[in-house]
Amino acid sequence: MATHENTAAPPQEGGARAVGSDDYALSRVPRDKRLGFWTMLLQWLAQSGSISQFTLGATIGVGMSFGDAFWAFTLGAVILEVVIFAIGLAGMREGLATPLLTRWAGFGRNGSALVSLVISISLVGWFGVQNTIFGDSVSSLVGGPSWLWCVVAGIAITVLVIFGFRYMAVFAKIVTPLFFAMVAWSVTDALSEHSLSELIHSPAPGQAIPLSVAATAIAGGYMTGAIVSPEMTRYNRKASHVFLQSASSMILSEYIVGLTGVLLGHMVGNGQVSQIVLSTSGVFGVLVVLMSTAKINDWNLYGSSLGVVNFFQVVFAKRLHRGAVTIVLGIAGTVLSAIGIMTHFTDFLSVLGVAIPPVGGIIVAEYWVVRRMRAPLDATRDAGTLPATSPTWVPMSLVIWAAAFCVGKFYDGGIPALNSLLTAFVLYAALGLAGWIRPYGTTTVEDQPGDTGTTTPAASGPAPVGAP
């Protein structure tokens, strides 16, 4: 890995390398480029509902009463909201996505490359898996080969993500109300034939599911999304917006979508309820699946592109354009999903799902508790620039990361994703406050070009990278 970044050339304006929007991949999002409350709220709500969330609710409903399922979703929602707010607020304050934020929040420059690599592989992997689900679902609804529908969805989502956050926000404004209206029609029509009171008070139709297992599925399934929430919150204007929008997303996702799935599970006696949700036939059924996939999957591809940009700058001293990176990742994920390979990697992606939560624990511990490396961010925040330098290595963070991963992977009790996150938080906070976590070396941060061709410079002059 290079020790200095000021040799990397900025991306060219125009041409293939500058296609689409770079979306401040390696700089702060300026305050005047932040988005309003309602625009951001729709982005959050767009992540709240998917066919898989209905299926999760139905699966839990098969093994739990409605009352027990309510408490399981409450526990999952509270866990996720605490994580999202703690990490997302840091992203909002600094205007930085997770890969770049980790340079000054626990990992240093070289450690951030490892974080970026893990996040990128995980997110682009799930992009491919979701794309495969889309292809199979549409093929069963209207016919045609699954691979063809994978290609159609992959191309459409890739084109959307190339042009960045603002276009994704416009897309969310259009499809979020439409998606929930169409799904509500299907679900209401199905439930209207049964007594709602009887479904709520009916016993679980299948084998009992313990509360801890249900909460694990609920909180663990979205934990990676919670860790990368700064990708979205860096466009927020206020801390209160982060809380209200993320909480609204949790209410819609867990209490409305999830608990509706529980009722569907009680109604049919199993978790296979996707056909009920997709009961709108023909073109409308395809639209429901497409919107469900696109408004979740665009964030998988978007987050992966940000991670790759940071990884290449750190490791190869190359400043890639995020739009061009999106094309490569989108094509790769689409091709792999079309030929059916991605479904074989779900176990590997689940392992990465345990590896990512400790990153969140370390970010929260460093940024809000230890604050050993935060001073340069504080000094440059008002100017909207990056600090002049960043720590190069924080070896103890990597040790904590590995230890927390082992706890999450091999300890059988509790919620694996939460176990690994809490282990990382406690270890980092305790060792950091005891003075055992120290950054080693400093790296010069290069000037970062903005989306319009202007430059958002790094702060001039030396800047401390850690407390003495």
Side-chain angles (χ1 to χ4, degrees), residues 38-62 64 66-67 69-70 72-74 76-77 80 130 133-134 137-138 140-142 153 168-202 218 221-222 225 244-299:
W38 296 109
T39 297
M40 292 299 298
L41 177 63
L42 282 172
Q43 276 284 28
W44 276 102
L45 296 181
Q47 309 304 305
S48 302
S50 65
I51 304 304
S52 59
Q53 186 71 357
F54 282 103
T55 303
L56 172 63
T59 302
I60 291 173
V62 171
M64 303 186 82
F66 185 86
F70 172 85
F73 275 104
T74 297
L80 288 172
Q130 289 283 345
I133 295 173
F134 168 84
S137 299
V138 176
S140 66
L141 280 172
V142 299
M168 291 162 63
V170 172
F171 180 71
K173 288 180 180 179
I174 298 171
V175 304
T176 302
L178 184 58
F179 170 78
F180 281 109
M182 295 175 71
V183 171
W185 181 84
S186 297
V187 172
T188 302
D189 182 64
L191 292 176
S192 64
E193 301 176 1
H194 299 76
S195 168
L196 191 61
S197 176
E198 289 182 4
L199 290 176
I200 291 175
H201 294 95
S202 63
I218 295 165
Y222 191 69
L244 292 173
Q245 291 159 4
S246 58
S248 297
S249 177
M250 285 297 103
I251 291 172
L252 180 59
S253 175
E254 312 303 337
Y255 290 110
I256 297 179
V257 176
L259 290 178
T260 298
V262 171
L263 294 178
L264 294 175
H266 280 207
M267 183 180 75
V268 302
N270 60 65
Q272 304 303 313
V273 300
S274 59
Q275 291 303 317
I276 296 175
V277 179
L278 302 176
S279 60
T280 47
S281 61
V283 174
F284 289 105
V286 174
L287 286 175
V288 171
V289 185
L290 178 60
M291 288 185 290
S292 172
T293 302
K295 68 189 184 59
I296 299 294
N297 226 12
D298 59 355
W299 277 102

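Hydrogens, waters and symmetry mates play no part in the numbers below; they use all other heavy atoms, side chains included.
Residues meeting the side-chain hydrogen bond (donor to acceptor under 3.5 Å, both in side chains) test with Ser202, sequence neighbours left out: His266. Remark: Ile200 engages Phe66, Leu196, Leu263 in a side-chain contact (heavy atoms from CB on, under 4.5 Å) (not counting sequence neighbours). With sequence neighbours excluded, the residues that form a side-chain hydrogen bond (donor to acceptor under 3.5 Å, both in side chains) with Gln53 are Ser253, Glu254. Qualifying side-chain contact (heavy atoms from CB on, under 4.5 Å) partners for His194, counting only residues two or more places apart in sequence or in other chains: Leu199, Met267. Among residues two or more places apart in sequence or in another chain, the ring pair (Phe, Tyr, Trp, His ring centres under 6.0 Å) test is passed with Phe70 by Tyr255. With sequence neighbours left out, the side-chain hydrogen bond (donor to acceptor under 3.5 Å, both in side chains) criterion links Thr260 to no other residue. Contacts of Thr188 classified as side-chain contact (heavy atoms from CB on, under 4.5 Å), with partners at least two apart in sequence or in another chain: none.
Atom CG of Leu45 sits about 9.0 Å away from atom NZ of Lys295, to the nearest 0.5 Å. In this structure, Ser249 OG and Leu244 CG are separated by 12.5 Å, a value rounded to the nearest 0.5 Å. To the nearest 0.5 angstrom, Met168 atom CE is 4.0 Å from Asp298 atom CG. Note that the CD1 atom of Ile218 and the CE atom of Met250 stand 11.0 Å from one another [nearest 0.5 Å]. One distance of note links CD of Gln47 with OG of Ser246; it measures 12.5 Å at 0.5 Å rounding. With values rounded to the nearest 0.5 angstrom, Ile133 atom CD1 is found 11.5 Å from Ile296 atom CD1.
Between Phe134 and Asn297 the shortest side-chain heavy-atom distance does not fall below 4.5 Å.
The two atoms that bring Val257 and Ser48 nearest to each other are CG2-O, 4.1 Å, heavy atoms only. For the pair Gly57 and Phe73, the tightest heavy-atom approach, listed with the atom from each and the gap, is CA-CZ, 3.9 Å. What you find for Leu41 and Ser248 is that their closest heavy atoms are CD1-CB, 3.9 Å.
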With a 3.5 Å cut-off and sequence neighbours excluded, list the donor-acceptor pairs that the side chains of residues 170-182 form with protein atoms.
unit_1	atom_1	unit_2	atom_2	d
Lys173	NZ	Thr39	OG1	3.3
Thr176	OG1	Ala172	O	2.7

